[in-house]
There are 2 protein chains.
Amino acid sequence: MQVNTNKPILLVKRTLINIAISENSENIPNKMNLKDLAKVLNLSSSTVSRALNDSHEISIKTKQRVQALAKELNFEPNPNASSLRKQKNKTIAVVVPDITNHFFSKVIEGIETIAQDKGYHILIYFTFESYAKEVSILKHLSNGRVDGIILSLSAETNTYEHIKELKERKVPLVFFDRICEDVEAARVTTDNQIAAKSGTKHLLDAGCKKIAFLNFSTSSVTSIQRRQGYIDALNQNKIEVDNSLILDCTTNKDENYQLISNFLMKRSDVDAVFASSENLGTTTYQVCESLGLSIPNKIKVLGFSNMALAPLLNPSFSCITQPAFDIGKEAAQVLFKSIEKPNIDYSDTKIILKSTLVERKSTKQFV
Amino acid sequence: MQVNTNKPILLVKRTLINIAISENSENIPNKMNLKDLAKVLNLSSSTVSRALNDSHEISIKTKQRVQALAKELNFEPNPNASSLRKQKNKTIAVVVPDITNHFFSKVIEGIETIAQDKGYHILIYFTFESYAKEVSILKHLSNGRVDGIILSLSAETNTYEHIKELKERKVPLVFFDRICEDVEAARVTTDNQIAAKSGTKHLLDAGCKKIAFLNFSTSSVTSIQRRQGYIDALNQNKIEVDNSLILDCTTNKDENYQLISNFLMKRSDVDAVFASSENLGTTTYQVCESLGLSIPNKIKVLGFSNMALAPLLNPSFSCITQPAFDIGKEAAQVLFKSIEKPNIDYSDTKIILKSTLVERKSTKQFV
DNA sequence: CTGTTAGCGCCTTCAT
DNA sequence: ATGAAGGCGCTAACAG
């Protein structure tokens, strides 16, 4: 038998493998399983399984043999079989409204950072701000596809039966940002009301008299809290709240463009806009462009936004930035804890992180 | 037997279910399986399975009975069991360098749109521009966790064994943007070279003489093509290429900040910067801010970027925008085709989409 | 049209 | 320290 002197052992092993595999897997050498490995090593599949899972009841020598061959052949145990057997699959779902919003991308990045550390996989779902999509997505997650769910509600969502269903089935659940107060589950959020109040104050301090508030949702707690912060600031400055300055927007960008455009055309007295979401901020800018309302001079715009670039580009653009990356990390940590310690109840966990007001050249944190 | 007159049938069924379940599932009524359903309906589990999968060999009446009860009880078949049996799991992986780059978020949104349509699930992975992470992630995907992979290479990647391994195991694979020419697989990309040439020309037309080029990677085809486009434009204008104007950056933002900062301090002759990635564009802005180089006047910056807001905020900021959403859609469509028609080889598919130069008030497409 | 049977690949008692 | 056997929940082949 001629053998390449560089890697004789490898060659012999490969030969054995090919024999082993052709016996039971119809000559498909790209599919390999525990049994194949076991055959080559002259061990039972249970021993191989234990060795790969680093069980203490396997001799170190055997473990090394098994692990060495597995590594050499790039063997990966079939995750479906493993998950089925263990009723755990080291996979979580992240359900978010959309991802054009930079905030959500960063949160996801935070989640992924922790997940990679802990060897978890992430299934990602977008509701595109639609309640119906949210329901349908969560329904598909109710039966063991994932070990847990991190969720930020769609702007449309105002009933929570679909979420209670998940709780009934004991699926671990963590809310972030667009949280739900009606369901007992861990929450990670930010100081929306305080931040919105400070933001509004920032505009008042700059001399603005007629500050419009753009509401991204009438049902989302997040939007409601921000609206309340806006009202708080006005109250504190003894300014009467003018409801006609509060504009309820939709989840559709084109519709919002029309709404905001019509609004600003009618209301030439408005000298500032507080956009309660990044998308609304962007749309406001576009409207101002097309209406020829020069932003720094005629009108000031402030919004919740996570685009680091924005304040660098225009002196008038201040934004409230949430610690998105940390939100993701916190949410993931709570979720993994509640997955790994199912006997402990984490559903009263509430983590509130602080937002930051980013101006052109300075940064200050809210108190 | 006292029965709530509102929902008598439902109640009876629930009772049956509880009996059925308590017999074999240890009183865990939140876990339900085909067998439980079958028992309640007095059918075999295979019939129920077929009914749920809408098989033509089941009577319409039975189908309706089964589907009605399944819906009522929110029954979802266990995906692991199903995937294990079918050796298909209606799940794909999307592997991207990072997601702070708006481009990648939009691509993912495009992919998700198609995936939702077709009932596929998306596992998402970030390499954070690290070759080692890319290798490790792809290794975990080699054994049936997913039906296919959509991949954009990390900036560090310059060897492709880990990808060839996937091809050997017949995992359907589609590259986008950061594609790989050394592996036979479908590719979706954009006209990088032409776009970079037009962008550079744009700067030359604006009177710039010393245009620096920031390279985001020395190995990525994308970066190489953009660099070549930059050189093409200079050549066409009979300007000699000055290699000292080409700055190789890294995957680390802080390092890049230092590199660019040092560079611009030394080279006061530079009057424009062409950033070959969104991150580099952002960093350049930050450097200019801190060095007091007013962007519109002393220096012009142009870059590949997908932030819609940018050109609205600063007249000097033009950017080359790739059709990210469509790239995602195209990539997903090719992948699903190659999953669903495994006998057809799609590996020579190459789709090239066009980029757009976005200036403050006008938009033009490259020819 | 429906039921019976036999795995998919892994892990986990139980036995040795 | 290792092996044998059974089953996680579903589906497909084979019967009827």
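The figures here come from the full heavy-atom set of this structure, side chains too, leaving out hydrogens, waters and symmetry mates. Every chain is numbered from 1 and lettered A, B, ... according to where its sequence line falls, protein lines coming before strand lines.
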For DNA chain D, the dot-bracket pattern of Watson-Crick and G-U pairs whose distances stay under 3.5 Å, | for other-strand partners: ||||||||||||||||
Quick one: list whatever passes ring pair (Phe, Tyr, Trp, His ring centres under 6.0 Å) with [X], sequence neighbours left out.
X	value
A:Phe126	A:Phe128
B:Tyr125	A:His121
A:Tyr131	A:His162

Integer-rounded Å distance: [N] [atom2] and [X] [atom1]:
X	N	atom1	atom2	value
B:Asn143	C:dG9	CG	P	9 Å
B:Glu76	D:dC10	CD	P	11 Å
B:Met32	D:dG9	CE	C1'	14 Å
B:Leu34	D:dG7	CG	C1'	16 Å
A:Phe75	C:dG9	CZ	C1'	9 Å
B:Asn80	D:dC10	CG	C1'	11 Å
A:Lys63	D:dT2	NZ	P	10 Å
B:Leu37	D:dC10	CG	C1'	13 Å

Using a cut-off of 4.0 Å on non-hydrogen atoms, how would the nucleic acid contact of A:Asn53 be classed: base, sugar-phosphate, or nothing? sugar-phosphate
Go through the structure and list residues passing side chain to side chain donor-acceptor pair (under 3.5 Å) with A:Ser154, not counting sequence neighbours. A:Thr157
Is it the case that the side chain of A:Thr113 and the backbone of A:Glu109 share a donor-acceptor pair, with hydrogens and angles ignored and the cut-off at 3.5 Å? yes
N/O donor-acceptor pair under 3.5 Å between A:Asn33 side chain and A:Lys35 backbone: yes
Between [X] and [N], is there a contact of a side-chain N or O with OP1 or OP2 at under 4.0 Å?
X	N	result
A:Ser44	D:dA4	no
B:Ser59	C:dT2	yes
A:Thr62	D:dT2	yes
A:Ser82	C:dC11	yes
A:Ser49	C:dC11	yes

With the criterion being N/O to N/O and under 3.5 Å, what pairs connect the protein with nucleotides 13-15 of chain C, and how long is each?
none

Determine which pairs satisfy salt bridge (charged side-chain N to carboxylate O under 4.0 Å, His left out) with at least one residue from residues 52-63 of chain A, sequence neighbours left out, and list them in order. A:Arg50-A:Glu57, A:Asp54-A:Lys63
Does anything in residues 80-89 of chain B pair up under salt bridge (charged side-chain N to carboxylate O under 4.0 Å, His left out), and if so which pairs, sequence neighbours excluded? none
Per the under-4.0 Å heavy-atom filter, residues of residues 83-91 of chain B near DNA chain C come out as B:Leu84, B:Arg85, B:Gln87
Side chain to side chain contact (heavy atoms under 4.5 Å, CB included) filter on A:Glu161, not counting sequence neighbours, yields A:Lys164
Partners of B:Lys118 by salt bridge (Lys or Arg N to Asp or Glu O under 4.0 Å), sequence neighbours excluded? B:Glu340
Residues that A:Lys139 engages under salt bridge (Lys or Arg N to Asp or Glu O under 4.0 Å), provided they are two or more places apart: B:Glu76
Listed nucleotide nearest any side-chain atom of B:Asn33, set D:dG9, D:dT11, C:dT2: D:dG9
Could you tell me whether A:Arg178 and A:Glu129 make a salt bridge, using a distance below 4.0 angstrom between a side-chain N and a carboxylate O? yes
